[in-house]
Visitor: 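Okay, here's the structure, questions in a sec.
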Amino acid sequence: MTKLAVLCFLLLQTGVEGFKISNIVFNHFNGGSLIHEVITERAILNVTLQVCRALALSEGKTFSFPPQPFSAGAVAAACDASKSTKSFIDTIERIQKSNHQVDKDYVLSPSHHCDDESIAAGQFLITLGLTAVKASNKQQNFVLATSILGEILHTLQDFYSHTNWVEIGNTFPNSNLIKTNADVGKIADITRPTCRSCDGKDCRNNILEDILKEQILTSGYFSLNPFSTKPAGKCSHGGSFDRTKGIEPTGGINKDSIDSEHGHLHNQAANLAIAATSELLEDVRSAAGDKAFLQMMGLFKGRALCFCVDTTGSMGDDIDAVRTVTSSIIDSKVGTEDEPSIYILIPFNDPEFGPLLQTTDPEVFKSYINSLTPNGGGDAPEMSLSGLQLALTGAPPNSEIFVFTDAAAKDEHLKNTVLALIEQTKSVVNFMITDVFGLRRRRQADNNQQQQSVRMSRAGGQLYRDLAQASGGQAVEVTKGQLLEAINILTESTSSSLVSLLQASRNPGKSENFTFVVDDTVKNLTIYITGTSVDFSLISPSGVIQNIANTTGSSIISYQSVGNLQTVQLQTEGGLWELQILSTSPYSVKVVGESPIDFLFKFIKESDSPFGGFDVIDNRPTEGGNASLLVTLIGSDVATVSEVMLVESSGSGQVNGTVEAQGGGTFIIHFDRIPSVEFVVLAKGQNNNGVSRASSGIFQRQSATSLRASGLTVTADDLNTVLEPGTPRSVSFSVMTTGEGGSFTIRATNDQGFTLSFPSSLQLDPGVSANGSVSITAPADTPSGIGVTLTIEAVAPGGADSNYDVLRLTVLSKVTDFTPPVCQLLSLQSNCSDNCSRSTWELSVQVTDAENGTDVDSVSLREGSGTLNISTAADKTTLVSYVASCCSPDVQLVAVDQVGNVEICSYSVRANVTQALTTSPVTTSNVTTSPVTTSNVTTSNVTTSNVTTSNVTTSPVTTAVTASSTRVDFSVSLCFGFSVLSFLLH
Ligand SMILES: *[C@@H]1O[C@H](CO)[C@@H](O)[C@H](O)[C@H]1NC(C)=O
Ligand SMILES: *[C@@H]1O[C@H](CO)[C@@H](O)[C@H](O)[C@H]1NC(C)=O
Ligand SMILES: [Ca+2]
Ligand SMILES: [Ca+2]
Ligand SMILES: [Ca+2]
């Protein structure tokens, strides 16, 4: 079928509501219409490319755009961050998910969809959320920032589909919609009629002429209630769910899909929604800075290095080892592609723990580590799980976390919380436990509670082993003297493309033969075995038994054994390997390597929203019934997933699923049941790209994280994620059980030590949900942008089953500064001559924030390769001087105040324009991707607008000086519209 035929075929299957429904989950055309997920992804890919391009040019590198249509993998590659494709896609999916969630959580809230003429209220939601996104980014709370971002994008996108913005003739986004209190246009009075009834099915002319002529804004009324009414003379939303569309004036005006009442304008509306989304993302980018924007999007080059360190009195040797290993990682990795992208340190003691210290600067991290001094702690157990909780909520998802301690956890009650956070973040936790036996002896000797101490110590070790195993990490037990060697082994690879091939544990231990498939893309194949007295042998695909005692001639590159950890590094040999374990004591095995091919997975369920589609399950899936898994394959456009199974983590049982390809690297897997014990997800597939003839191209990947099903459901109300400092907020939640009723324990915890109150138990009857609420209060002096992760757990009587919901909230003080800083040009001098490279120009600008504003926070360079100098005067005005070669005739200064209001000030000098234009890097001919400044060509001396619809870069220009200053205004070129059209039509 040609694309056109496919398109026509798809057109026949529509009949749904919104840019908003995704019957076929993510990333797909819905009946040829552009849905929220697609609109969102296109804008993200577009803006991300602009950011990467700006960064590359500022570093003097070249940059090339990938071919259209863009894919996340190609964008990550263009950004020189292929290894973070997984976290990039994960982030895009998070944004799409919270966008989608608005239809579920706020189905009855008109302002979230700009319905019912609630346009000003929609603007309020968007701008409030935007402030929260900026504040969260400033505190490096990127997960929170992206969740809020997805939500406000829904409302922004709906504006273009649900209002008559397009009908009244606009071809640009409504930029004031993303500016607090700005004028979004004249909205029809409640008494003013806006529509007439449609002419049968034809709704093309149902908006009243005076409304169109006077450019009055309106939006359709919407209700699911068959007995609903609407104000007289008002338009309806229309579509199959709207029950107001039968009321005079009948019909509707939405442009949600091609077959909507105003479907003839669907593409126009969707393209404006893409442009508006890009504009909002640009604003977020300007406020955050280019590097932080990419971090927010999950595009970082290396992994996070995350150390959680016990700093109590006995930890002197351990802290020395942490210091040494930090220096050696930094010395050997900085400047390489495995350089950690973020460094995180969480100290814990007793009773204190935290704060989380985070930096991208390795030298700053060294200074954090150097400032650790062992002292205090009182009794033996320490606050290790509190520290770990902060690490799990603060580190990016999919991080690897190392916990250093020589003591049991004093805060064992956090076990379920920590497990919940492990399942949510899919981060891997390794415990580096020293001197377990030494401690035990000492304690036995010096008090008469021998028995109790021994028991506590064993239980403590088991708790760490359980958590490590659930996360796919290890609990390494060594002496203080061996710690450095052990941690060196485990941090040898800090690559962000680490994948897991096999993961299993046995407790009690038993001999067993494990097999795993190694494919050609895997490098640095490594096997870790933890456990005391575990013997093993290893057989390569060619049938050679590998000899640890004498590695010559074998595939073994190295073998190390320290404490309870054995490590084998292997040469990649494609095919089926066998690992035979001989042991009667507990052990765990883990086979990892580096490869671009990996997968993301999420349990999904049919949505209970009226629009249908699928929702992502954020906590434990329901036991006893069937289940569906959404799998996204990463790292290859040609690879496919052929088998997916849920494998018991500590046994050999497994449940096989049936795979349904969705296109675009996504698959839905159906299982007729979920294992009743902990399990991992194992995916097998076929990669036909660049496969050597010797290998079959078959690969296997396994989730590091163990998951479990639950008979309980816990759902917290996440309608409002903003927390005002000093004001208690009540979060309601509901709990239901499919099993037996009784008294269920409720526990709520948070990672910031904020005050909580909640019922300690709820009485449940089977199948009936019970409600409770948690009250949370942030101290009055909590800074804006601080995130708090609230975990609400319900535990069945006897403790055998539990489930949870995790809520991320952001602290936000009331914002009163809505105006961006102002640039004032003090001087602009040039001596630009024929030869631009031999002459320079310079600029002096004063930047101030308004009288009652929050002050200028930063001024940075967007375009321009000159030197920027910034100084702050005593009266808090910022003085900027800029010197550049005449070959770089344009500059953009990004001025941001403390709450993230952005002003972009553009200046240009063009003495010898021909020369300047031919040498300027921004005169790209790639229309759809050219940045705003290329169209900033004017013939007047000073211009205040750079909005043009054509990109006239080659027109003769005689300007001596142009200076312009705009708030983030965009030349939303028509080009993209054309490229979408051409994509659809080819
Ligand atoms: C892509 O993003 C840029 C800003 O980064 C914006 O000017 C342009 O309009 C966007 N393109 C589309 C099609 O929205
Ligand atoms: C593992 O395989 C070896 C060799 O094939 C066999 O002798 C042994 O019994 C197997 N062990 C188990 C636990 O199945
Ligand atoms: Ca201690
Ligand atoms: Ca203690
Ligand atoms: Ca301001």
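None of the values given here were measured: they were computed from a predicted structure. When a ligand or atom number is given, it counts from 1 through the structure's own listing order.
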Visitor: Using a 3.5 Å distance criterion without hydrogens, assess whether the side chain of S511 forms a donor-acceptor pair with backbone atoms of S583.
Guide: yes

Visitor: Have a look at N513, I581, I539 and point out the one with the heavy atom closest to atom 2 (O) of ligand 2.
Guide: N513

Visitor: Is it true that atom CG of L576 has more than 12 heavy atoms of other residues, nucleotides or ligands lying nearer than 6.0 Å?
Guide: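 Atom CG in L576 is crowded, with more than 12 foreign heavy atoms closer than 6.0 Å.
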
Visitor: Please compare T277, N271, N46, L49 and report which has the shortest non-hydrogen distance to atom 1 (C) of ligand 1.
Guide: N46

Visitor: Is the ring pair F404/F307 parallel, tilted or perpendicular, if the boundaries are 30 and 60 degrees?
Guide: perpendicular

Visitor: Need the ligand 1 atom indices (1-based, order shown) with element for anything under 4.0 Å from a heavy-atom of E282.
Guide: 4 (C), 5 (O)

Visitor: Do the side-chain N and O atoms of Y464 and S384 include a donor-acceptor pair separated by under 3.5 angstrom?
Guide: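 Result is yes, a qualifying pair exists.
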
Visitor: Are any non-hydrogen side-chain atoms of L294 and C52 less than 4.5 angstrom apart?
Guide: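 Contact flag for L294/C52 side chains = yes.
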
Visitor: Quick test of your reading of the model: are K134 and D283 salt-bridged, counting only N-O distances below 4.0 Å?
Guide: yes

Visitor: For atom 7 (O) of ligand 2, is the nearest protein heavy atom closer than 4.0 Å?
Guide: no

Visitor: Is any N or O atom of R285, backbone or side chain, closer than 3.5 Å to an N or O atom of ligand 1?
Guide: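 By distance alone, the answer is no.
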
Visitor: Does an N or O anywhere in Q580 fall below 3.5 Å from an N or O of ligand 2?
Guide: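 Among all N and O atoms of Q580, at least one is under 3.5 Å from an N or O of ligand 2.
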
Visitor: Any atoms of ligand 2 less than 4.0 Å from a non-hydrogen atom of S511? List them with their elements.
Guide: 13 (C)

Visitor: Out of all atoms in ligand 1, which are within 4.0 Å of some heavy atom of A275? Include the element for each.
Guide: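 Every atom of ligand 1 under 4.0 Å from some heavy atom of A275: 14 (O).
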
Visitor: R53 and Q50: side-chain donor and acceptor closer than 3.5 Å?
Guide: no

Visitor: Can you find an N or O of Q50 that's nearer than 3.5 Å to an N or O of ligand 1?
Guide: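 Between Q50 and ligand 1 (N or O atoms, distance only) the closest approach is not under 3.5 Å.
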
Visitor: Got a salt bridge between K415 and E412, using NZ or NE/NH1/NH2 to carboxylate O under 4.0 Å?
Guide: no

Visitor: Nearest 10°: the angle subtended at the Ca ion (ligand 3) by E382 OE2 and T312 OG1?
Guide: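 Nearest ten degrees: 90°.
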
Visitor: Take atom 11 (N) of ligand 2 and look for protein heavy atoms under 4.0 Å from it; say yes if you find one, no if not.
Guide: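 Given the 4.0 Å cut-off, atom 11 (N) of ligand 2 counts as touching protein heavy atoms.
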
